[in-house]
2 protein chains.
Amino acid sequence: MVKNTTIYDIAREAEVSVSTVSRVLNDTAPVKASTRDKIMKVIEKHKFQPNALARSLIKKETGTIAMIVPDITNPFFPEVFYGANQEARDKGYTFFLCNTSGDDDRESEYLTILREKRVDGIIFIGGRINLANCPSELVQEVLEAAETIPVVLVNGNLAKTKFHRVYSDEAVGAALATQHLIDLGHRDIAFIGGLDFMTTTIQKVKAVKKKLEDHDLTLRKEWIIYGEFSIQAGRDLMNKLLDDSEHRPTAVLCVNDFTAIGAIKAASDRGLRIPEDISIVGFDDSPLSTAVIPELTTVTQNTHELGKYAVERIYQINNAMPTKRTTVLTPELIVRQSSGPAPKK
Amino acid sequence: MVKNTTIYDIAREAEVSVSTVSRVLNDTAPVKASTRDKIMKVIEKHKFQPNALARSLIKKETGTIAMIVPDITNPFFPEVFYGANQEARDKGYTFFLCNTSGDDDRESEYLTILREKRVDGIIFIGGRINLANCPSELVQEVLEAAETIPVVLVNGNLAKTKFHRVYSDEAVGAALATQHLIDLGHRDIAFIGGLDFMTTTIQKVKAVKKKLEDHDLTLRKEWIIYGEFSIQAGRDLMNKLLDDSEHRPTAVLCVNDFTAIGAIKAASDRGLRIPEDISIVGFDDSPLSTAVIPELTTVTQNTHELGKYAVERIYQINNAMPTKRTTVLTPELIVRQSSGPAPKK
DNA sequence: ACTATTAATGATATGGGTTTCATAGTTGTG
DNA sequence: CACAACTATGAAACCCATATCATTAATAGT
C-alpha cells in the first residue's frame, strides 16, 4: 500500500505554508488567485485527499452516523435504511450499518465502538433497546451515550424516557386493518405472529382488541397466536389455527408481511381460497406484498420516512436547531387481493 | 452535548503520565499491578472511551471497511452484506454501507469520501464498476484508490484487470438450470430479464445458449427479452412472451428471482398452471423464492460467502498475508415447485 | 500623506491518542 | 560488589489536519 500525500507535502511543493493550503481546501479566507492556482495544481497532480481523521479530530465532527439493526435480511430494515441514507447524503453524512443478527451482546458492543469512533449520531431500530422488556442496564448505557451523541429510537417503546423517537403509529394501522375486515362483514377475526414481548406485537394486539370491542366483537384468546416474524412462522401459526376445523376465523391479521405470506401458503396448501374462504391481511407493505399471489392487503409503515426523519433529527440536534422529541407517522391501509367479503355461513 | 474525557484527564486524575495510561489501555508494556489498578479505577469511573480518530490517525488503520451497493432494497445485497458483516465483526471491522440508489455519480462520490476517511477496505458489489460497459475513467479512479486501499470487486466483470475479485460463477449456474430443464424434456426455452449490458445478464445468456447448443437446441432470438430486474419487469416481459400464442416456450429462465416472481404472476393471470403448463426458474435463491406459490426453482448465489470472502480478502491484504486475486464460488441448483416435466404437445 | 482597514500569508497551538527514547529503580549473576 | 538486563515510568515527538494569532502588504478613507 502506497503512503498518502499530506497537506505538508502539498505546502512544501507549492512553496507556501500549510495554513494557506488549508485555506484553499476549505475556502475559509481569501487567497490570492495566483497562489490558489499554484496550490490547486499541486493538489491535482497528487490527487491529494485530505485526511478526514485529522480533520474530524479537531473539528469534533465526523460526518458519520450509524444505524443499528437486528437483521438487515428482513426487508423492512433495508427500506428504512434506504430512506435514511438518502437523507444522510443530503446532510453530508456517511452511514455505518451495524447488524446485530439478533445477538444480544452486539448492541452494546457496537455502541461502544461507535462512541469511540465519535459518530455524529446513532439510530436504533428494532433490537433489544426497543423491546418492551428491555433490560435496564442497556437503557442506562444508551442514555449515557445520548449525553455525548444524538440518539434516535425508531419504532421503539421507551415512551416515558427522554429519548428522541420516530415511529409509525402501529396501533392506528392495526385499527385500520381491523375496521377494514369488519366493514367486509367479518366477525371471526384472528391475529397471528410476532413475539409477545415486542412492542410491535403488543401494540397491534391491543389495537385490534380495542377496535373489535368497539363493535361488540371479541378477539378470542385461542385466536391470538404469537411466534416469530418469519415466513415459516406464519405458516406454522396458520396451520395451528386451521387445525381446529370446528372454529375457524374468516379473517386473519398478521403481524407483518412475512407471516402473512406464510399464512397464505398454509391456507393454500389446505385448499382454501383467498380471499373467498379466508381473508389475510399483512403489515409493512414490503416489496413482497405485491410479489405474492394473491397480492397482499397490508398496512404501510412509511419506511422511507422513518429513516428520513431519524436522520433529520440527528442533523437538527447537531446543529442546535429546535426539534420535537417524537415524530409520529400515520400508516395507511392498502387494500389488495387477499381480503374480501366474509363468506356466508 | 457533553465533552468527552481524554487520556490526559485520566492521566492527571490517576497521577501518572499519558504513556502509562496508554500502556494499560493497549497492554503494550508491563505496568505495575498497583498502578494499573489505580488507572483502571479512574477509567471506569469516567467510562472513558478513547478517541478512535486520534488512535487511527497515528496507527494508520481505522478498523473500518465499506461496501458500495447499487440498491440495498434488492434482497440480494442485504444477504451479501449479512455475510460480510459477520466476517467483519470477527476481524474487528465496522462497516460503512453506501447505497448509490443507481445514481451514477455517487459511486465515485462515495469513493472519495471513503478514501478521505481512510477506510481499511472497499467492497464494490454490482454498480457501474462491475458493468460490462463500465466507463474507463471510473476504472481508472478505482484503480488509483486500490493503490492505497484494498479494493475487492464482487460479482464483477473486470477479469483482465488486477483487481481482487470474488464472484459466483453465474455461467455454471445458468448451465445447471438449463440442463435441469432439458432433462425435464423441455425443448422450447426462453430467457427473460436483465439489462443487456450487465455482466450478470450477459454471462447467463451466453451459458444458456451454449448449453442448449450442446444438445442441438437453440435459444430463439425472440425468446431473449431484456429488461429491468424488478418484479414488474418480470411481469411485463413474461406478458410480452406470452402474447405470441403461436409460439410459446414451455420453460422460462429468469435473470433473477424478482423477475421470476413477476413471470409467475403474469402466467397465473393468464390462467396458465405452473409447472404443468409452463416451467419457471429463477436465480439467486433469495428468501423470496420460498415465499411465492409455487415455490421457485432457482440457483443459489452463495450470498453470505460472497460477502465473507470479500472481507476476508481485505483482511489478508491489510495483514500482508498471501492471497489469490480471484475467488470463485460455484452455484447450486435448488429444485422446488416451479419447474416440472415439459407438457406433451 | 497618513492612518485605518482589509487582504494575504506564515508560525504555532491544538485535537487526542501512540510510539520512541531516555531515565530511574530492580533484580540477577559471576 | 559491580555491571548487565529488566521493569516501570515519564517526556517528547508524531500523526495530519484546522484554528488562532501575528505580521506584512495592499487598498481605502479623510
Side-chain angles (χ1 to χ4, degrees), chain A residues 1-40 42-43 46-64 112-113 115-120 148, chain B residues 1-40 42-43 46-64 112-113 115-120 148:
Chain A
M1 297 287 105
V2 175
K3 193 179 171 302
N4 282 298
T5 320
T6 76
I7 198 171
Y8 289 89
D9 300 330
I10 302 295
R12 192 179 320 114
E13 192 164 331
E15 298 174 303
V16 294
S17 72
V18 290
S19 325
T20 307
V21 178
S22 177
R23 281 176 195 117
V24 170
L25 285 174
N26 303 291
D27 198 30
T28 133
V31 173
K32 216 205 297 176
S34 62
T35 316
R36 158 170 277 117
D37 289 351
K38 192 170 55 172
I39 294 173
M40 282 310 290
V42 181
I43 287 179
H46 291 287
K47 308 238 159 90
F48 170 59
Q49 320 235 239
N51 187 325
L53 298 169
R55 172 182 292 159
S56 298
L57 188 55
I58 196 155
K59 284 251 196 143
K60 293 180 174 305
E61 61 179 43
T62 53
T64 297
T112 303
I113 295 174
R115 292 178 75 176
E116 292 188 352
K117 289 198 190 296
R118 299 295 193 261
V119 295
D120 291 342
T148 49
Chain B
M1 297 286 105
V2 175
K3 193 178 172 300
N4 282 298
T5 322
T6 75
I7 197 172
Y8 288 90
D9 301 330
I10 303 294
R12 192 180 319 117
E13 192 164 332
E15 298 175 302
V16 293
S17 72
V18 290
S19 328
T20 307
V21 179
S22 176
R23 282 177 194 116
V24 170
L25 286 174
N26 303 292
D27 198 30
T28 132
V31 173
K32 216 205 298 179
S34 62
T35 317
R36 157 172 278 117
D37 290 349
K38 191 171 56 173
I39 293 173
M40 283 309 291
V42 180
I43 286 178
H46 291 288
K47 310 235 159 93
F48 170 57
Q49 322 236 238
N51 187 324
L53 298 168
R55 172 181 290 158
S56 298
L57 187 56
I58 195 156
K59 283 248 197 146
K60 293 180 175 305
E61 61 181 42
T62 53
T64 297
T112 304
I113 294 174
R115 293 178 74 175
E116 292 189 351
K117 289 197 190 296
R118 301 293 192 261
V119 295
D120 290 342
T148 49

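Here the closest non-hydrogen pair linking B:Thr62 and B:Arg118 is OG1-O, 2.9 Å. The two residues A:Thr148 and B:Val2 make their nearest non-hydrogen contact at CG2-O, 3.3 Å. Considering all non-hydrogen atoms of both residues, B:Val42 and B:Ala14 come closest at CG2-CB, 3.9 Å.
Contact check for A:Thr64 versus B:Lys117: side-chain heavy atoms found under the 4.5 Å cut-off. Annotation: side chain of B:Glu61 is not in contact with side chain of B:Ser56 (no heavy-atom distance under 4.5 Å). When side chains are defined from C-beta on, B:Ile7 counts as touching B:Phe48, because their heavy atoms get closer than 4.5 Å. At a threshold of 4.5 Å between non-hydrogen side-chain atoms, the residues B:Thr112 and A:Gln49 count as touching. Using a 4.5 Å cut-off on side-chain heavy atoms (C-beta onward), A:Glu116 and B:Arg55 make contact. For the pair B:Leu25 and B:Ile43, the minimum side-chain heavy-atom distance is below 4.5 Å. Considering only heavy atoms from C-beta on, B:Asn4 stays 4.5 Å or farther from B:Asn51 through its side chain. At a threshold of 4.5 Å between non-hydrogen side-chain atoms, the residues B:Thr20 and B:Thr35 count as touching.
Within 4.0 Å of A:Asn4, counting heavy atoms only, lies no atom of the nucleic acid at all. Backbone-only contact: A:Thr35 has heavy atoms under 4.0 Å from sugar-phosphate atoms and none from a base. No contact: B:Ser34 has no heavy atom under 4.0 Å from any strand.
Here A:Asn51 does not reach the OP1 or OP2 of D:dC15: none of its side-chain N or O atoms lies under 4.0 Å away. Dashed line: the shortest gap from a side-chain N or O of A:Ser17 to OP1 or OP2 of C:dG10 is under 4.0 Å. Checking the phosphate oxygens (OP1, OP2) of C:dT18, no side-chain nitrogen or oxygen of B:Lys60 falls inside 4.0 Å. Here A:Ser22 reaches the OP1 or OP2 of D:dT18: one of its side-chain N or O atoms lies under 4.0 Å away.
We find that CG of A:Asp27 is positioned 12 Å from P of D:dT18, with the value rounded to whole Å. Atom CZ of B:Arg55 and atom C1' of D:dC16 are 18 Å apart (whole Å). In this structure, B:Tyr8 places its OH atom 10 Å from P of C:dG15, rounding to the nearest Å. Going from atom NZ of B:Lys3 over to atom P of C:dG15 covers 7 Å, rounded to whole Å. Across the protein-nucleic acid pair, A:Ile58 atom CD1 and C:dG15 atom P stand 7 Å apart, rounded to whole Å. In this structure, B:Lys117 atom NZ and D:dA17 atom C1' are separated by 14 Å, rounded to whole Å. C:dT18 atom C1' lies 12 Å from atom CD of B:Glu61, rounded to whole Å. Summarising the geometry, the separation between CZ on A:Arg12 and C1' on C:dA11 is reported as 16 Å, rounded to the nearest angstrom.
Side chain of A:Val16, nearest nucleotide from D:dC15, C:dG10, D:dA17: C:dG10. With D:dT7, D:dC16, D:dT9 as the choices, the nucleotide that has an atom nearest any side-chain atom of B:Lys32 turns out to be D:dT9. Of the candidate nucleotides D:dA12, D:dC15, D:dG10, D:dC15 has the atom nearest to the side chain of B:Leu57. Distances were taken from every side-chain heavy atom of B:Ile7 (C-beta onward) to each of C:dT9, C:dG17, D:dA17; the shortest belongs to C:dG17.
Positionally, the nearest nucleotide of DNA chain D for B:Pro30 lies more toward the 5' end than for the other of B:Pro30 and B:Arg118.
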Requested in this report: Under 3.5 Å for both distances, Watson-Crick or G-U wobble, that's the pair rule; now give the dot-bracket for DNA chain C, with | marking pairs to another strand and [ ] for crossing ones.
Outcome: ||||||||||||||||||||||||||||||
Between N or O atoms, less than 3.5 Å apart, protein on one side and nucleotides 21-29 of chain C on the other: list the pairs.
none

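Checked by distance alone, A:Ser19 brings a side-chain donor or acceptor within 3.5 Å of a matching partner on the base of C:dA11.
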